[in-house]
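First comes the structure, then the notes that go with it.
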2 protein chains.
Amino acid sequence: MTEGVTARGGLRERKKKATRAALVEAAVRLAAEHGVEHVTVDAISAAAGVSTRTFFNYFDSRDEVFVMIGADSGERVRRAVLAAPRALSPLEALREALAAELEEIERQRDLWHLHAEVLRAAPQLLARSIGAHMADELGLAEALAERIGEGSPLFTPDRPAFSTAEDQRRRQEIGLYPRLLAAVGTTAVRVAVEHWCVRQGEVGFADVFRETFAHVASGLADPAARS
Amino acid sequence: MTEGVTARGGLRERKKKATRAALVEAAVRLAAEHGVEHVTVDAISAAAGVSTRTFFNYFDSRDEVFVMIGADSGERVRRAVLAAPRALSPLEALREALAAELEEIERQRDLWHLHAEVLRAAPQLLARSIGAHMADELGLAEALAERIGEGSPLFTPDRPAFSTAEDQRRRQEIGLYPRLLAAVGTTAVRVAVEHWCVRQGEVGFADVFRETFAHVASGLADPAARS
DNA sequence: GATAATTTTTGCAGGCTCTGCATTTTTGCG
DNA sequence: CGCAAAAATGCAGAGCCTGCAAAAATTATC
């Protein structure tokens, strides 16, 4: 296997991370070559050197292996939102937190580009990817609510992502504004990424990102109607 | 079968609509009773009085039957956007178009409430539902682009929703602003609906909807910082 | 009204996804 | 080394989904 430079945690933990990464990489590589639909769990598992059954010990479904990139993005963004200078408005704080995270992702350019290509050719998976992000959305809304000072500090940085029954209760505690902020923020990121993917090469991502948030901050005023 | 009062189209066409509706209703009813996960395609088909194989002639996947409500919403919204008075800003035009469609949906209250309950208990399906709406998003962006006057009039009201290869090309024709507008608009609707579901009974949906779009129009300014 | 053409339904075979359970292998530790 | 915990594996089985060809239903035509 690949040699883990980071010796954090026991060998057991490192091996699990390695296996997971191997599965993701094998899956994305195979998908880029043969098309997502023609990649079976058997093939992914074989390429990663584990049994088919083991695959399902790591991922709940076949599709999940294609969308599980940046699994810990959510937590970093939440922390950044809470740590942002209080001089920033909520929207600005969110913008900066997301911008920082996107720079982080840019650093793993290659794998991410391959991933983006795979997802772009598979709208069905893109949908599920959005769904995965939606788990983050609720946590992000909580972080924003706490930053704004609304409600009690029920935020705990690392928390299981999905828990239907629990979510229900948590949703009730959060106001409309923080939730809208979180939702629109992630939506803006998605649109920026999509738009940038389409115009790849023409413009830098940072520019697209800034422009997108400028539109949002202006209340989506008609850019054609300059007065 | 149920007697179609509307005699439009041949018997064949009416029967297909009836079968589809029967499948949806059976699915939702069974899901509300036993939980989505425990409803098999066999059970749905049996309850609707058709074979299992026939189910898959109507829906591409088991999940689709749970999210296929308001399938023609997208087209109506697009038409409304194009028909809106030119005095309205793009965001206002979109808001009014969506508001009208939501009123329309409210009219089929019962089935929709059951549906909402089923989806709320199944985040995985909610994700797919969002995905289904995303197909509309692109078409909505086109309609908005045309209304704004940007680019050529490539909008044709009724068009197949999904066509991966084709989408690619269409995306390139649309600017960032219309796409962002479409995405944020549908996101705002989603947040409004979710928030309203959680606070059911406390407030009317129309109020939540107005408040949500007011936030968006204000550029998501901090409502706590009144100056 | 009977027959032909078209569409829809259906059964069936088969592959893939995913789960539970028992077993084997690996790892952590004294 | 030997023992306990954790992970990987094999296997059986349910369920999802897709071609394909035969059967049934609807529409068109005479």
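Naming: A, B, ... by sequence-line order, numbering from 1 per chain. Fair warning: this is a prediction, and the values are worked out from it, not measured in the lab.
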Checklist entry - Are side-chain heavy atoms of Ile44(A) and Thr40(A) found at a separation under 4.5 Å? => result no
Checklist entry - dA25(D) P sits how many Å from Lys16(B) NZ, rounded? => result 18 Å
Checklist outcome for this item: Picking from dT10(C), dC16(D), dT27(C), the nucleotide nearest the side-chain atoms of Lys15(A) would be dT27(C)
Checklist entry - Between atom NE2 in His38(A) and atom P in dT17(C), what is the gap in whole Å? => result 12 Å
Next on the checklist: Expected output is a numbered-order residue list: members of residues 55-66 of chain A with a heavy atom under 4.0 Å from any atom of DNA chain C. What is it?
Outcome noted: Phe56(A), Asp60(A), Ser61(A), Arg62(A)
Checklist entry - Between Arg76(A) and Glu104(A), is there a side-chain N and carboxylate O pair less than 4.0 Å apart? => result no
Checklist entry - Looking only at heavy atoms, what is the nearest atom pair of Val216(B) and Ala188(B), with distance? => result CG2-CB, 4.4 Å
Next on the checklist: Just N and O in the side chain of Thr40(B): are any of them under 4.0 Å from OP1 or OP2 of dG15(D)?
Outcome noted: no
Item to check | Between C1' of dG15(D) and CZ of Arg53(B), the distance in whole Å | outcome: 15 Å
Item to check | Rounded interatomic separation in angstrom, taking CG from Asp42(A) and P from dG15(C) | outcome: 12 Å
Checklist entry - Separation of Arg14(A) atom CZ from dT27(C) atom P, in whole Å? => result 11 Å
Return all side-chain donor-acceptor pairs below 3.5 angstrom for residues 59-66 of chain A, not counting sequence neighbours, or 'none' if the list is empty.
residue, atom, partner, partner atom, Å
Ser61(A), OG, Asp63(A), N, 3.4
Ser61(A), OG, Glu64(A), N, 3.4
Ser61(A), OG, Arg128(A), NH1, 2.8
Arg62(A), NE, Val39(A), O, 3.1
Arg62(A), NH2, Val36(A), O, 2.6
Arg62(A), NH2, Val39(A), O, 3.4
Asp63(A), OD2, Gln124(A), NE2, 3.3
Glu64(A), OE1, Asp60(A), N, 3.2

Checklist entry - What pairs with Ala182(A) under side-chain contact (heavy atoms from CB on, under 4.5 Å), at least two apart in sequence or on another chain? => result Glu137(A), Leu140(A), Ala141(A), Leu144(A)
Next on the checklist: Between P on dT27(D) and CD on Glu13(B), what's the gap in Å once rounded to a whole number?
Outcome noted: 10 Å
Checklist entry - So, is Ser51(B) close to the dT10(C) phosphate, meaning a side-chain N or O under 4.0 Å from OP1 or OP2? => result yes
Next on the checklist: With rounding to the nearest 0.5 angstrom, report the NE2 to CZ distance, His195(B) to Phe209(B).
Outcome noted: 15.0 Å
Checklist outcome for this item: Whole-Å distance, Leu23(A) CG to dC18(C) P, equals 14 Å
